[in-house]
Amino acid sequence: MGASRLVEGGPCRNILAVAVDPSTLRIVNYPAPILRQQAERIEKITSETQAVAMGMLALMHEAAGIGLAAPQVGLPWRLFVANPTGDPEDDQIFINPELVAPSRELVDQEEGCLSLPDVRAVIRRPLAVTIRALNFDGQPFEFTSDELPARIWQHEYDHLEGILILQRMSAIDRMANRRAIRGLEAEYRV
Ligand code: ZN
């Protein structure tokens with residue numbers, strides 16, 4: 001069960017002045033405090049929201065990632081983007097997402113995170129989950145997956161709750177990644 005394409009129609013091209021300039025968006029690394037904050041619901045989808053989502057997709061592709069959440073670009077918004085294949089046609093935008101009906105079956109899978117360069121850890125999560133969200137145009141949709149999309153949704157949803165894989169990894173993985181984690185902490189202080 002893979003997720004089918006979620007973005008209907010093309011991106012909004014006639015974006016006027018926006019308060020958040022999407023061209024200035026950058027991926028923030030751990031331990032930026034915003035990554036530990038709970039994000040807030042988006043009450044109204046505006047051209048600004050859409051421009052930010054498009055900017056996040058561009059940043060995600062640039063970094064060869066498969067998912068990116070708004071807190072990772074410094075915005076406390078309940079919004080994330082994903083692309084399980086890397087094909088631009090599979091770009092997906094999730095606004096105010098909710099995860100429901102996680103499977104009882106749990107699986108271990110290695111994950112990375114664009115805000116934690118060089119950190120990899122095996123994370124145990126439900127195999128399958130259903131996601132409900134609003135799309136780029138504010139229309140509600142629902143998908144269920146028991147493949148890579150389910151993994152991405154759960155990782156990105158965690159970001160909206162201020163949870164990083166650091167909080168979910170085993171003590172052994174934390175030890176294995178100690179050098180990378182300390183390096184990020186040292187860089188942040190500079
Ligand atoms: Zn992440």
Side-chain angles (χ1 to χ4, degrees), residues 3 6 20 22 25-42 49 52-86 90-99 102 106-129 131 133 143 145-188:
L6 306 185
V20 177
L25 295 177
R26 296 287 177 271
I27 296 175
V28 299
N29 284 347
Y30 166 85
I34 185 134
L35 296 172
R36 300 299 303 274
Q37 247 177 262
Q38 199 175 31
E40 285 165 29
R41 281 179 68 80
I42 293 174
T49 324
V52 165
M54 297 308 291
M56 286 171 56
L57 280 166
L59 280 176
M60 179 188 74
H61 284 297
E62 230 175 82
I66 54 176
L68 184 67
Q72 293 182 277
V73 296
L75 298 170
W77 300 358
R78 298 189 82 81
L79 157 69
F80 67 75
V81 298
N83 186 319
T85 67
D90 292 327
D91 282 348
Q92 301 164 341
I93 292 165
F94 301 82
I95 298 169
N96 297 336
E98 299 293 342
L99 297 179
L106 305 176
V107 283
D108 287 336
Q109 195 174 323
E110 193 180 69
E111 296 184 18
C113 179
L114 293 179
S115 294
L116 288 159
D118 303 324
V119 173
R120 307 285 304 175
V122 173
I123 310 291
R124 180 166 295 181
R125 299 188 191 272
L127 170 69
V129 74
I131 191 164
F143 282 103
S145 170
D146 60 3
E147 292 181 345
L148 183 58
R151 177 62 53 160
I152 301 172
W153 301 338
Q154 293 178 81
H155 176 113
E156 301 309 327
Y157 186 86
D158 267 357
H159 277 300
L160 307 187
E161 295 295 305
I163 298 168
L164 297 172
I165 54 173
L166 293 179
Q167 279 91 63
R168 294 206 184 271
M169 68 175 63
S170 67
I172 290 169
D173 272 348
R174 195 167 325 201
M175 193 68 97
N177 285 289
R178 191 176 43 183
R179 185 184 291 267
I181 294 166
R182 282 194 182 156
L184 287 166
E185 288 167 351
E187 251 171 58
Y188 191 76

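Each ligand, and each atom within it, is numbered from 1 in the order the structure gives. Keep in mind the model is a prediction, meaning the values are calculated, not measured.
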Chemist: Taking 4.0 angstrom as the limit, do R168 and E111 come out as a salt bridge?
Modeler: no

Chemist: Are there over 12 heavy-atom neighbours, none belonging to R174, within less than 6.0 Å of that residue's CZ?
Modeler: yes

Chemist: Rounded to the nearest 0.5 Å, what's the gap from CD on Q37 to CG on L75? Could you check?
Modeler: 11.0 Å

Chemist: Strictly distance-based, threshold 3.5 Å: is any side-chain N or O of Q167 a donor or acceptor partner for the main-chain N or O of L164?
Modeler: yes

Chemist: As a test of understanding, state which of E98, E40, E161 forms a salt bridge (charged side-chain N to carboxylate O under 4.0 Å, His left out) with R78.
Modeler: E161

Chemist: Mark yes when over 12 heavy atoms from residues, nucleotides or ligands other than R120 sit less than 6.0 Å from its CZ; otherwise mark no.
Modeler: yes

Chemist: Could you enumerate the protein N, O or S atoms under 2.8 Å from the Zn ion (ligand 1), written like residue then atom name?
Modeler: C113 SG, H155 NE2, H159 NE2

